[in-house]
Amino acid sequence: MLGTTQLEQNHSPSNKQVPQRTFAALITPLLAVLLLVTVPLVESLHGGVLWGLNYHSPKFMSQVGDALALVKLIALCAGVYLLFTQHGTFRLLVKSKWLSIALSSVLAIVALIQIAIGLIGVLIDATLGTNRDYFHKEFEIENNTIYVFTADPGAMGTAYHYFYLKCPLPLYRYELKFIEKANWVGDVELKDSDDGFDVFNQRDEFGYRVSFGEVGCG
């Protein structure tokens, strides 16, 4: 009877779950590091904030992008912390010593490069974000919404205006259709003209005329 009882205990469901819990405890930190390092990378490589969500307005998405940059930095720092503190756990999961070292090294390099680039971006955003109304403007022209992005690197390069037609999408989203890239005139203002709009500076001095051409929301 004693032997039978011992045999039943050895094959009880609770004993069968021990290896599963052990594997979960090993794999969870690795999955956390992979998510914390790769998700910010994929989002950054897409080129648009939150994979091109385009919600409400470009100015609003610029604000979201600034906040998201801080969130990604925190996530990457957390990923690097886990990577170094849980290295022993990875070694138990990945039996090959050299494979474990290679995996940790690649993840660390990818994370550190993103952190360096992210810090530069946050510093630039902190400088430019104080004058967001200058860089992002919208005008209503002939029942159309024109979005003007001013790329002004200051003394580091040449400034330009990028004109887009802002087309509405469901759920308060939008699509930008490029119209024209033009020379910088300062704090830009737009006025109606035939088949387009006239561009003025803040002193109401005429700069040039931009035509819609074949660009439309249809």
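No hydrogens, no waters, no symmetry mates; every other heavy atom, side chains included, goes into these values. As the structure is a prediction and not an experimental result, all values here were calculated from the model.
- Leu103 is listed as a side-chain neighbour of Leu30, based on a closest heavy-atom distance under 4.5 Å.
- Classified by interplanar angle (parallel below 30°, tilted 30° to 60°, perpendicular above 60°), the ring pair Phe178/Tyr162 is tilted.
- Under the 4.5 Å side-chain criterion, counting only non-hydrogen atoms from C-beta, Asn54 is not in contact with Leu169.
- When atom types are taken as modelled, the side chain of Ser44 and the backbone of Pro40 share a donor-acceptor pair closer than 3.5 angstrom.
- Under the 4.5 Å side-chain contact rule for hydrophobic residues, Val110 and Phe84 do not share a cluster.
- With Tyr160 as the aromatic partner, Lys181 meets the cation-pi criteria of under 6.0 angstrom to the ring centre and within 45 degrees of the ring axis.
- Looking at His161, its side chain does come within 3.5 Å of a backbone N or O of Val185 through a donor-acceptor pair.
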Could you please spell out the steps behind the side-chain contact (heavy atoms from CB on, under 4.5 Å) verdict for Asn201 and Val188?
CA-CA 5 Å; Asn201 61 17; Val188 66; over 6 Å; no

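- Formation of a donor-acceptor pair under 3.5 Å by the Tyr208 side chain with backbone atoms of Asn183 is found in this model.
- Both Leu76 and Leu70 belong to a common hydrophobic cluster when Ile, Leu, Val, Met, Phe, Trp and Tyr are linked at side-chain heavy-atom distances under 4.5 angstrom.
- At least one donor-acceptor pair closer than 3.5 Å links the side chain of Lys177 to the backbone N or O of Gly216.
- Distance check, rounded to the nearest 0.5 Å: CD1 of Ile124 to CG of Leu119 gives 11.0 Å.
- Residue Asp194 holds its CG atom at 10.0 Å from OG of Ser211, rounded to the nearest 0.5 Å.
- In this structure, Val80 is not a member of the same hydrophobic cluster as Val42, with clusters built from ILVMFWY side-chain heavy atoms closer than 4.5 Å.
- Taking the centre of each ring, Phe197 and Phe212 come in below the 6.0 Å mark.
- Taking the six-membered ring where the residue is Trp, His136 and Tyr147 present parallel rings, their angle staying beneath 30° rather than reaching 60°.
- Between the Glu138 side chain and the Ile146 main chain, no donor and acceptor come within less than 3.5 Å of each other.
- Cluster membership check: Trp51 shares its hydrophobic cluster with Tyr55, using side-chain heavy-atom separations under 4.5 Å among Ile, Leu, Val, Met, Phe, Trp and Tyr.
- Distance check, rounded to the nearest 0.5 Å: OH of Tyr174 to OH of Tyr164 gives 10.5 Å.
- Looking at every heavy atom in both residues, Ser193 comes nearest to Glu142 through O-OE2, 2.9 Å.
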From CA spacing to verdict: side-chain contact (heavy atoms from CB on, under 4.5 Å), Asp152, Trp184:
CA-CA 8 Å; Asp152 187 355; Trp184 180 78; 4.0 Å; yes

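- In this structure, CG on Leu41 lies 9.5 Å from CD1 on Ile113, to the nearest 0.5 angstrom.
- Two residues are said to be in side-chain contact when any heavy atoms from C-beta on lie closer than 4.5 Å; Ile101 and Ser105 meet this criterion.
- Two different hydrophobic clusters hold Tyr81 and Leu36 under the rule that ILVMFWY side chains link at heavy-atom gaps under 4.5 Å.
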So Lys137 and Asp187, side-chain contact (heavy atoms from CB on, under 4.5 Å) or not? Walk me through it.
CA-CA 10 Å; Lys137 286 195 169 188; Asp187 196 359; 2.5 Å; yes

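- Among all heavy-atom pairs drawn from Gly213 and Asp195, the shortest one is N-OD2, 4.2 Å.
- Among Val210, Leu190, Asp198, the one residue that satisfies the side chain to side chain contact (heavy atoms under 4.5 Å, CB included) test with Ile141 is Leu190.
- Residue Ala182 comes nearest to Phe163 through the heavy atom pair CB-CE1, 3.7 Å, listed as atom of the first residue, atom of the second, then distance.
- Salt bridge Asp66/Arg132: present, at least one basic N to carboxylate O contact under 4.0 Å.
- By the 4.5 Å heavy-atom criterion applied to side chains, Ser57 and Lys166 are counted as neighbours.
- The two residues Arg173 and Gly52 make their nearest non-hydrogen contact at NH2-O, 3.4 Å.
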Can Val199 and Arg209 be said to form a side-chain contact (heavy atoms from CB on, under 4.5 Å), step by step?
CA-CA 6 Å; Val199 180; Arg209 177 166 293 175; over 6 Å; no

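- Looking at Gln114, its side chain does come within 3.5 Å of a backbone N or O of Val37 through a donor-acceptor pair.
- Atom-to-atom distance recorded for Leu68:CG and Leu50:CG is 5.0 Å, nearest 0.5 angstrom.
- Ion pairing between a basic and an acidic side chain is recognised when a charged N comes within 4.0 Å of a carboxylate O; Lys191 and Asp204 show such pairing.
- Under the salt bridge (charged side-chain N to carboxylate O under 4.0 Å, His left out) criterion, the residue pairs touching residues 35-53 are Glu43-Lys72, with sequence neighbours excluded.
- With values rounded to the nearest 0.5 angstrom, Leu112 atom CG is found 11.5 Å from Ile117 atom CD1.
- In this structure, the side chains of Leu176 and Phe149 stay at 4.5 Å or more apart for every pair of heavy atoms.
- A salt bridge is defined here as a Lys NZ or Arg NE, NH1 or NH2 lying under 4.0 Å from an Asp or Glu carboxylate O, and Lys59 with Asp133 meets this definition.
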